[in-house]
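Quick note: numbers below take in every heavy atom, side chains included, and nothing from hydrogens, waters or symmetry partners.
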Amino acid sequence: TPDRIVGEWTATGCRPGFVALQRSGTSHSEEIPFSYPGRWSGHLSQSDRDYGFYYELNLSPDGTGTSNIVSEDAGGEALHQLEWEETVNGIRLTETQVIERTDPQWKGCLKSADLTKNRKDGTYELTGNWGGFLEHKTAETGSCAPGRVYLNKPVLSRTVTERISPQTDQYTAETQ
């Protein structure tokens with residue numbers, strides 16, 4: 001490659017040898033541009049519970065996705081289908097149906113939330129209040145106690161290496 005030269009060397013009074021020289025470039029860390037799609041994890045609270053729930057979003061670029069909620073106390077785990085859209089300050093999400101659950105007796109709450117995006121200590125945060133209703137009900141016939149959502153996603157970066165272009169030194173060019 002142009003950034004590496006190898007060969008033998010000799011010098012009067014020395015034993016011949018082999019040399020390999022590598023031209024190095026500089027490298028730096030570069031932040032990957034932010035995007036909402038991907039995995040967000042955290043927790044949510046519910047005003048009628050003295051415990052929280054593990055909560056995770058997996059957002060797709062097409063405005064769909066899934067949410068996963070886990071109750072350590074009672075209820076198990078449920079996976080919801082959702083729709084989301086970007087807003088001025090963050091995203092608006094709406095869970096549309098329960099896809100699966102570990103406990104058939106657990107009544108799933110379909111949540112909606114307007115979440116605000118912030119950046120703090122190497123992570124992006126989505127936070128906001130949520131409200132909802134029990135599946136197969138409406139907000140009027142089966143509302144859930146509201147709560148708050150706290151999610152985060154790391155700020156990602158990549159290492160960029162800049163190669164130094166080989167330059168011909170004048171002595172080598174003139175003397176071949």
Side-chain angles (χ1 to χ4, degrees), residues 24-163:
S24 62
T26 61
S27 64
H28 65 278
S29 183
E30 176 180 271
E31 190 173 301
I32 295 173
F34 172 79
S35 67
Y36 284 103
R39 183 168 296 196
W40 294 82
S41 61
H43 65 279
L44 65 79
S45 65
Q46 192 167 357
S47 61
D48 65 345
R49 309 269 193 242
D50 61 355
Y51 57 88
F53 300 85
Y54 172 79
Y55 192 61
E56 180 180 273
L57 299 180
N58 198 347
L59 303 177
S60 298
D62 67 358
T64 64
T66 58
S67 64
N68 188 43
I69 185 167
V70 178
S71 173
E72 295 294 333
D73 278 357
E77 184 173 349
L79 184 67
H80 300 90
Q81 186 172 356
L82 66 81
E83 295 174 352
W84 70 277
E85 64 183 351
E86 189 171 343
T87 63
V88 173
N89 296 319
I91 65 168
R92 174 172 296 125
L93 72 88
T94 304
E95 294 174 339
T96 55
Q97 69 177 353
V98 177
I99 300 171
E100 62 185 50
R101 74 186 80 195
T102 58
D103 181 352
Q105 302 304 312
W106 189 22
K107 302 295 185 228
C109 188
L110 298 176
K111 295 167 284 306
S112 294
D114 285 318
L115 304 176
T116 302
K117 180 188 86 151
N118 290 303
R119 181 174 169 161
K120 182 179 176 184
D121 299 329
T123 64
Y124 296 107
E125 298 177 335
L126 286 175
T127 58
N129 296 327
W130 69 270
F133 54 90
L134 295 170
E135 60 182 311
H136 308 301
K137 302 278 184 174
T138 66
E140 293 76 30
T141 63
S143 67
C144 299
R148 190 143 178 88
V149 175
Y150 305 90
L151 298 166
N152 62 56
K153 173 179 167 178
V155 174
L156 300 175
S157 61
R158 62 179 160 239
T159 300
V160 177
T161 302
E162 297 173 4
R163 295 275 179 199

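Taking each heavy atom of Y51 and S71 in turn, the nearest pair found is CE1-OG, 3.9 Å. The minimum heavy-atom distance between G76 and T102, with the atom names listed, is CA-OG1, 3.3 Å. Taking all atoms of both residues into account, the shortest heavy-atom contact from W130 to A145 is CH2-O, 3.2 Å. The two atoms that bring T94 and S112 nearest to each other are CG2-OG, 3.5 Å, heavy atoms only. The two atoms that bring H80 and V98 nearest to each other are CD2-CG2, 3.6 Å, heavy atoms only.
Legend: salt bridge (Lys or Arg N to Asp or Glu O under 4.0 Å) pairs involving residues 109-119, not counting sequence neighbours, sorted by first then second residue: E31-R119, R92-D114, E95-K111. Counting only residues at least two apart or in different chains, disulfide bond (SG atoms under 2.5 Å apart) contacts with residues 107-154 comprise C109-C144. Sorted by first then second residue, the ring-ring contact (aromatic ring centres under 6.0 Å, His included) pairs that include residues 82-125, not counting sequence neighbours, are F34-Y124. Here salt bridge (Lys or Arg N to Asp or Glu O under 4.0 Å) pairs that include residues 129-148, with residues two or more places apart or in two chains, are R101-E135.
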Table please: side-chain donor-acceptor pairs of residues 149-158 below 3.5 Å, with sequence neighbours left out.
| from | atom 1 | to | atom 2 | distance (Å) |
| --- | --- | --- | --- | --- |
| K153 | NZ | S35 | O | 2.6 |
| K153 | NZ | P37 | O | 2.7 |
| S157 | OG | S29 | OG | 3.4 |
| R158 | NE | E30 | OE2 | 3.2 |
| R158 | NH2 | E30 | OE2 | 3.3 |

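Shown here are the side-chain hydrogen bond (donor to acceptor under 3.5 Å, both in side chains) partners of D48, two or more places apart in sequence or in another chain: there are none. Applying the side-chain hydrogen bond (donor to acceptor under 3.5 Å, both in side chains) criterion to Q81, with sequence neighbours excluded, gives Q97. Residues passing the ring pair (Phe, Tyr, Trp, His ring centres under 6.0 Å) test with Y55: none are found, sequence neighbours excluded. For T66, the side-chain contact (heavy atoms from CB on, under 4.5 Å) criterion is met by N58, L79, I99, not counting sequence neighbours. In this view, S60 satisfies the side-chain hydrogen bond (donor to acceptor under 3.5 Å, both in side chains) rule with no residue, not counting sequence neighbours.
A side chain to side chain contact (heavy atoms under 4.5 Å, CB included) with L59 is found for one member of T64, L93, L82 and no other, namely L82.
Atom CD of E125 and atom CH2 of W40 lie 9.0 Å apart (nearest 0.5 Å). Distance check, rounded to the nearest 0.5 Å: CG of N118 to CG of N89 gives 9.0 Å. How far CZ of F133 is from OG1 of T141: 8.5 Å, rounded to the nearest 0.5 Å. Here the CG atom belonging to L115 is positioned 9.5 Å from the CG atom belonging to N129, to the nearest 0.5 angstrom.
In this structure, R39 places its CZ atom where only 12 or fewer heavy-atom neighbours from other residues, nucleotides or ligands lie under 6.0 Å away.
Using a distance-only test at 3.5 Å, with no hydrogens or angles considered, a donor-acceptor pair links the side chain of S47 to the main chain of P146.
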